[in-house]
Every structure is written in C-alpha cells, then in structure tokens.
There are 2 protein chains.
Amino acid sequence: MADGRVPSAQSGENLLFLTDEQLRQGIEAMFFAYRGFTADPDRILSDMAYGRAHHRAVHFINRAPGTTVNNLLNILGVTKQSLNRVLRTLIEDGLVESKVGKADKRERHLFLTEEGHALEQKLSDAQRVRMRMAYREAGPDAVAGFRTVLEAMMDREMRNAYGRLKDSGT
Amino acid sequence: MADGRVPSAQSGENLLFLTDEQLRQGIEAMFFAYRGFTADPDRILSDMAYGRAHHRAVHFINRAPGTTVNNLLNILGVTKQSLNRVLRTLIEDGLVESKVGKADKRERHLFLTEEGHALEQKLSDAQRVRMRMAYREAGPDAVAGFRTVLEAMMDREMRNAYGRLKDSGT
DNA sequence: AGCATATGTCAGTGTTGTTGACATTCCAAG
DNA sequence: CTTGGAATGTCAACAACACTGACATATGCT
C-alpha cells in the first residue's frame, strides 16, 4: 500500500486492477491537461481586466440565455456574493444585460449583449482550437472514452447539470 | 460559424467532423469533472490551514523525492514567490524537509517527513477513490481514451514533464 | 574577479473565493 | 389584509493564492 505496486497485475478482460501508480498517473494527467485547457483563454483574459471567473459566467450565460443568477450559482458552484462581483463588472462593462423577471421580480434574467457575445466567441474559439486538435490527435474512440470517464468523475449534481446542458444544446 | 452547426457532418472513418457543439460539451465536461476531481482533497484541506497549492506541492515532492525548488517551480508552473510561501509553511509545520545540495550547495532538495507522507497519503487516497470509481465505471477502453485525450490537451512542456514522471513511476 | 545561477524575501497588486449583514420581493398562514 | 418567513440579489470586509518587481545571499563557473 505504501508503494502503490500490486503483486501480479494482469490485465483482465472486464476486471480492472488499478494500481495506485496507474491512478496517480491519471491524477497527474488531469492536472497537466487542465492547465493546458485553461491556458489559452487565460492569456486572452489577462490582457483585459477579467479572469477565469468572468469566462465561466459568460460561457454559461451564452449557453443558457435568460438564466437566473441562482441558476448560474448552482452551475458554477460558488457563492452568490462571489458571482455577483463578477456579474457586476460584466454588466457595468456592457457585456451582460440583467433583466428583472416578469413572473418573479426577485429574479434577474441574464443575457449577453452584442459585445458579450463577441468576447464569448473569442474565448471559446481559443479553447475549441485546442480541444479540436486534441480530439483529432486522439481519434474518435479515445474521445468517447474521454467523455465517459469525465462524466463518471463528476459529482452527481454536476452530472445532472451537465446532462441538462448537453441535451439543451442538441 | 455563428451557430456551431456543420452542414453535413457524416461520421467518416478517420476524418473527424467536430461541431462547435460537440467541442463545447467537451469543454463543459472538463469543467465539471475537474471540480469533482479536486472536491475531496479540497474538503480535507479546508479543515487544516492548507489549500490546493499545498496539495500540489506535497504531491510532487512525494512523487519525486529530493527534487529541487526550481524543478518543482517548472512542474507547478507558478512563480517562486508563490511557491515559496507554500513551501515555507510546509517546512515550518514539519511536513517537508529542505536539504542543501551536496554537489551544488545552492540547491535545496525537498523531501516529505513522516508527517508529510501521512498528509499526502490522506489526500491522494481521497482523490484515488474517486478516480478508481470513475475508471471502473467507465471501463478499460474508456480509460485508455481518457488518458490519450488528456495528453493531447497538454502544453508541450507539460507533456514532457508528465512523461518523465510517468516513466519514473514504473 | 566577475558574471550567471539558485534560492529566499519584502512589498505591492489583482482575482476569486469566503462570511456577515441587509434590502427587496414573493407567498402563504393567520 | 397583514405579517412573517423564504427566496433572491447586493454591499462590505476579509483570506488564499496567484502575479510583478526589486533585492539579498550563497554558490558555481570562466
């Protein structure tokens, strides 16, 4: 257990003998890959006064236009105060529009402005370029496996949120 | 381009027609999965006075005992000031030991103490549990694909660093 | 001796997370 | 209808952790 080696780890057909070492490699792969994954948008954002949090907000508002603050909160998994700071600057800068709800006036429905869409496009273009290259390099089967493992790695609530978004986009 | 739909996306054999929508789903999967990936250690760390940065340092020192500060700097991709803050607290708290290099006395070689190992074990255990479940749920083929895509997503330097670590562990 | 390298430190700043307090709005029980 | 609780969103203050820039120290190399 200390070393992570398993005496005789034959690669069974459906049984998975997973050594600590194999899992550790997966952990490190996640770490390094996520760094690459965020590197391109981060570069773009650092030139502006924005950060990764702004990116996330813009992404999901674009993805689900008219979503409420509370909704966004649940998806992003941060406190409303944290999100609010980000949202405020985005609204002040004219990238996001906040409309008071018609049915429930407590709610604010969020939309991207023209300018907001432009930023979203710019950021996600950068991210998609890398994603596309990785997908092409790895091939379709690998991509399917990639997605399967990622889904299995999510918390349950997030798996649900992800599923809803996925379906809405089709 | 605006909508991300591709006119006739037949699934060719080796050609990959990737719609923006497919890529976007991959992006979101990465986001949600990474949150799950870090959730368990984060919970443990927040009870102590440590954060994710400490986890990373402890992980890689455990992985490559005797590594130098500079080495760690390159792997973690942060500034020395940032790393130093973390390292200082870890050394003060007796989790990490810093030994002056024998060949080159400018270098400091980093090791985990008994106590440091204990924390590393605790953190990576939590992370491996989730990883193991995800791997089991997804199956061996999916895991292989997962790793392939992640590697393709890394920056080149990181791919090299990852490769070296991977080999050293076998 | 003189320059480069490796490390550590101090000071300042920015993003992003947190908690606490509070205003507004809705809804349902009395 | 009023009142109190729940839901929603905002403001303020603080902590973690990244960054830059400047500088000190010790060492290695030519």
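Lettering follows sequence order; numbering is per chain, from 1.
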Practice prompt. Using a heavy-atom cut-off of under 4.0 Å over every strand shown, decide if Ala103(B) touches base, sugar-phosphate, or nothing.
Written response: sugar-phosphate
Item to complete: Would you indicate, yes or no, if dG17(C) has its OP1 or OP2 atom less than 4.0 angstrom from a side-chain nitrogen or oxygen of Thr79(A)?
Response: no
Worksheet item: Tell me, do Ile27(B) and His59(A) make a side-chain contact under 4.5 Å, heavy atoms counted?
Response: yes
Practice prompt. Scan Thr68(B) against the nucleic acid and name what it touches under 4.0 Å (heavy atoms): base, sugar-phosphate only, or nothing.
Written response: sugar-phosphate
Discussion item. Students often get this wrong, so: under 4.0 angstrom with heavy atoms, is Arg85(B) touching a base, only sugar-phosphate, or nothing?
Written reply: base
Discussion item. How many whole angstroms separate atom CG of Leu83(B) from atom P of dA16(D)?
Written reply: 17 Å
Practice prompt. Find out whether Thr67(B) and Asn74(B) are in side-chain contact, i.e. whether some heavy atom of one side chain is under 4.5 Å from a heavy atom of the other.
Written response: no
Practice prompt. Report the relative orientation of the aromatic rings in Phe37(B) and Tyr34(B); use parallel for angles under 30°, tilted for 30 to 60°, perpendicular for over 60°.
Written response: tilted
Fill in: Nearest-Å distance for atom pair CZ/C1', residues Arg88(A) and dT15(C)
14 Å
Worksheet item: What nucleic acid atoms does Lys80(A) come within less than 4.0 Å of, heavy atoms only: base, sugar-phosphate, or nothing?
Response: base
Discussion item. So, does Arg56(A) get its side chain near the phosphate of dG17(C), meaning an N or O under 4.0 Å from OP1 or OP2?
Written reply: yes
Item to complete: Scan Gly77(A) against the nucleic acid and name what it touches under 4.0 Å (heavy atoms): base, sugar-phosphate only, or nothing.
Response: nothing
Worksheet item: Atom CG of Asn84(A) and atom C1' of dT8(D): how far apart are they, to the nearest Å?
Response: 11 Å
Worksheet item: Should the pair Phe32(A) and Tyr162(B) be assigned to parallel (<30°), tilted (30 to 60°) or perpendicular (>60°) ring geometry?
Response: perpendicular
